[in-house]
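These notes are about the structure you will find just below.
When a ligand or atom number is given, it counts from 1 through the structure's own listing order. Given the structure is predicted, the values throughout are model-derived calculations rather than measurements. The residues of the chain are indexed from 1 along the displayed sequence.
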Amino acid sequence: MVGIFGCILKEGNAAPVVHEALKRLEYRGYDSVGEVTIHKGKLYIKKDYGKIGEVHALYNLDDLPGRIGLGHIRWATHGAPMQVNAHPHVDCENQVAVVQNGIIENYAEIKGELENLGHLFKSKTDTEVVAHLIEEKLKKGLSFVKAFHEILNRLEGSFSIATICVKDSDKILCAQKESLLTIGLGENAVYCSSDIPTFLPMAKNTVMIESGEVGILSERDYEIRKFSDWSQVLREPKIIDWVPEVAEKEGYPHFMLKEIHAQPSTLRTTIRLQEEYLDLMTTFLDRAKELFLVACGTSYHACLAASYMFSKMAFLSTHPVFASELIEQIGKSVNIDITILALSQSGETTDTLAAVDYARLHAATILGLTNVIGSTLTRVSRVYICQQAGPEIGVAATKTFTAQLSVLAQLALKLAEKRGKLSHVEMKNYEEKLKQIPEVVERVVRTQESKVKQIAKKYHDKPFFFFFGRGISSAIALEGTLKLLETNYLPSMAYPVAEIEHGVINVIQPGAPAIFICPKDDTHKKIIEDIREMKAQGASIIAVVEEGDEEIKALANDYVEVEKGVPEFLCPIQCIVPLQLFAYYMAVERGLNPDSPRHLTKAVTVK
Ligand code: F6R
């Protein structure tokens with residue numbers, strides 16, 4: 001995934017235009033880059049692993065001939081970051097080139113069929129199947145356009161694709177399903193891209209291609225059709241007058257807010273992970289004699305939430321451990337019987353890697369969950385899963401956290417099934433609820449954002465915050481605190497609320513804001529008592545409640561609502577969203593930039 005770009009110029013060479021366009025996507029983070037052009041019936045390709053500047057210095061990305069070109073920057077999802085896996089990908093005959101942003105979920109099945117027909121694959125990517133599928137249709141005598149049309153209904157997943165072919169060398173064909181794709185109409189060129197900033201300096205007139213639609217681009221014209229019935233779609237161009245800085249954030253003022261809003265989409269991708277990866281990891285989890293969940297920061301909070309999921313769903317007890325404490329805490333007992341599930345969205349956090357190294361040296365089995373294929377964690381893990389959330393730019397982890405939670409929830413569910421802990425009916429019900437979680441998060445953001453904004457306005461000058469939960473929600477209380485700490489530099493503390501009796505109660509001052517996460521799970525009755533007690537101390541109660549929970553609403557000074565009926569193991573995914581928004585709007589109210597908190601970097605790779 002990450003970004004695709006294509007252009008047809010009236011005159012001149014496309015390659016430098018593609019190169020410049022890709023540079024405008026650099027801010028997003030990527031591991032590889034590639035370009036392709038067509039000239040006199042031949043494809044010209046340059047691609048490699050590395051940053052655009054490095055690849056350009058090695059190969060010169062500007063000297064490919066031809067007026068038509070495609071480009072791609074890649075964030076590995078299938079296949080390690082290597083030259084062979086960089087886009088564009090071609091068919092066996094070098095006549096079709098394809099770039100893709102997204103995930104083609106059923107590529108393994110298609111690849112098998114094509115290999116049986118004699119196709120030779122060079123890469124480990126999902127994208128390459130598209131070039132070979134088109135080739136197969138061209139062999140049967142179909143035109144390029146017809147071939148593209150016929151293969152689109154075979155592709156499952158969410159993606160935007162652009163392709164060119166030497167047999168019809170004045171066109172770019174592009175299509176999208178549940179992904180972004182826009183046409184740009186310039187004076188001297190037509191463009192298509194997954195990211196408007198790529199062509200913004202050359203074209204302000206844009207036409208969106210919607211999910212399930214194809215764009216057929218030629219020098220002077222464009223046409224949009226539906227891939228279901230090939231009917232034509234008439235859509236007027238719109239003028240986009242974003243300045244480049246706003247365009248990168250797709251109109252949001254900060255990346256953090258853009259990434260909070262991106263969560264329904266990233267969750268859609270993560271809940272469609274390939275079964276074989278989940279099954280393999282589940283087998284290891286099931287066999288683990290003793291399982292430690294190891295990570296830092298936000299990833300540690302995902303471990304904590306996972307410990308409740310694994311125990312409640314699959315009757316597997318686990319031990320969450322801060323990576324930085326592993327050697328001191330359990331070092332002497334690490335041996336061949338220990339399994340470590342290490343979580344790190346970057347896959348490069350020094351403390352996590354040090355813990356993993358230590359455990360490997362003591363013969364433990366290492367399992368990894370990360371957002372970066374090719375990261376050190378993927379290299380040192382016996383088995384790893386990539387959570388497929390795409391690059392995250394805001395320093396505060398948001399969409400990578402909910403992606404971690406959704407993978408862990410899927411593992412808990414698989415493990416419960418494997419261990420026979422759920423009936424068929426329960427299993428079906430949970431699977432259905434899992435499928436609905438992106439829409440649930442979408443609704444929580446849509447309906448609660450303005451309320452959270454008001455709450456942030458009301459409390460923004462408070463000097464100290466408390467976050468409380470019980471059960472699995474204690475992990476979310478901790479994550480809510482971390483978001484506030486890192487983006488607002490405000491002291492705050494989080495506890496499983498029963499712990500307050502053991503000391504914290506002494507520091508609750510009248511008017512102190514106490515944020516309670518209180519879904520209607522088994523802890524609900526107790527948490528009502530906790531809220532009453534805290535009110536008696538004079539705290540101002542801000543509650544995250546399920547809709548219709550009148551009892552807590554009546555007790556709270558302020559509340560935001562999440563959806564009812566979401567099972568306990570999935571509830572953290574929706575409950576963290578208002579807290580992410582709270583940290584964001586608090587920072588905005590307090591005049592801070594939530595995207596670049598002081599003293600913090602995206603990956604902590606120093607001691
Ligand atoms: C918080 C945050 C950090 C990271 C921590 C671990 O928003 O981003 O606390 O969670 O540094 O990073 P990874 O997951 O890359 O190992």
Side-chain angles (χ1 to χ4, degrees), residues 29 75 254-260 262-263 266 270 292-306 320-326 340-357 366-381 384-408 467 475-490 492 494 572 576-577 579-584 586-587 592-607:
W75 174 276
H254 297 99
F255 285 112
M256 184 177 173
L257 191 61
K258 176 181 165 193
E259 284 158 359
I260 292 172
Q263 291 178 112
T266 49
T270 17
F292 290 89
L293 309 174
V294 177
C296 302
T298 290
S299 295
Y300 173 78
H301 299 149
C303 290
L304 210 52
V321 180
F322 283 115
S324 56
E325 289 295 317
L326 180 128
I340 302 280
L341 172 57
L343 266 66
S344 171
Q345 56 86 14
S346 64
E348 300 296 348
T349 298
T350 302
D351 283 332
T352 307
L353 294 179
V356 163
D357 266 354
I366 309 297
L367 313 175
L369 171 57
T370 181
N371 195 33
V372 183
I373 291 193
S375 61
T376 308
L377 183 59
T378 62
R379 291 201 293 274
V380 296
S381 298
Y384 70 86
I385 288 183
C386 178
Q387 62 194 59
Q388 313 282 26
E392 186 172 64
I393 295 170
V395 167
T398 51
K399 65 175 186 169
T400 52
F401 178 62
T402 45
Q404 281 172 334
L405 291 178
S406 85
V407 176
L408 294 162
F467 289 75
I476 298 312
L478 279 160
E479 177 57 9
T481 294
L482 183 59
K483 291 297 91 137
L484 194 67
L485 286 171
E486 61 182 333
T487 55
N488 283 269
Y489 326 139
L490 269 178
S492 66
I576 190 57
V577 174
L579 304 186
Q580 295 169 339
L581 286 166
F582 180 65
Y584 172 77
M586 282 285 289
L592 300 167
N593 179 354
D595 280 344
S596 40
R598 69 184 185 206
H599 308 319
L600 294 176
T601 52
K602 191 69 192 148
V604 182
T605 52
V606 286
K607 275 267 171 211

Problem - Flag, side chain of Thr370 to backbone of Gln345, donor-acceptor distance under 3.5 Å - result: yes
Problem - Side-chain donor or acceptor of Asn488 paired with backbone N/O of Ala583 under 3.5 Å - result: yes
Completion exercise
Checking heavy atoms under 4.0 Å, the part of Lys483 that sits near ligand 1 is side chain
Handout entry: Residue portion contacting ligand 1 (non-hydrogen atoms closer than 4.0 Å) for Thr400
Key = neither
For ligand 1, find out whether one of its N or O atoms is nearer than 3.5 Å to an N or O atom of [X].
{"X": "Thr298", "value": "yes"}
{"X": "Ala397", "value": "yes"}
{"X": "Gln404", "value": "no"}

Problem - Sub-4.0 Å atoms of ligand 1 with respect to non-hydrogen atoms of Ser299 - result: 10 (O), 13 (P), 14 (O)
Completion exercise
For Ala396, the ligand 1 atoms with a heavy-atom partner under 4.0 Å come out as 7 (O)
For the residue pair [Y] / [X], report whether a side-chain donor-acceptor contact shorter than 3.5 Å exists.
{"X": "Thr298", "Y": "Glu479", "value": "yes"}
{"X": "Glu348", "Y": "Ser375", "value": "no"}
{"X": "Thr400", "Y": "Glu392", "value": "yes"}

Exercise for the section: Measure the shortest side-chain to side-chain distance between Asp351 and Phe322 over non-hydrogen atoms and say whether it is less than 4.5 angstrom. Expected result: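 Contact flag for Asp351/Phe322 side chains = no.
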Problem - Val395 near ligand 1 by a heavy-atom separation under 4.0 Å - result: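 The answer is yes, since Val395 has a heavy atom less than 4.0 Å from ligand 1.
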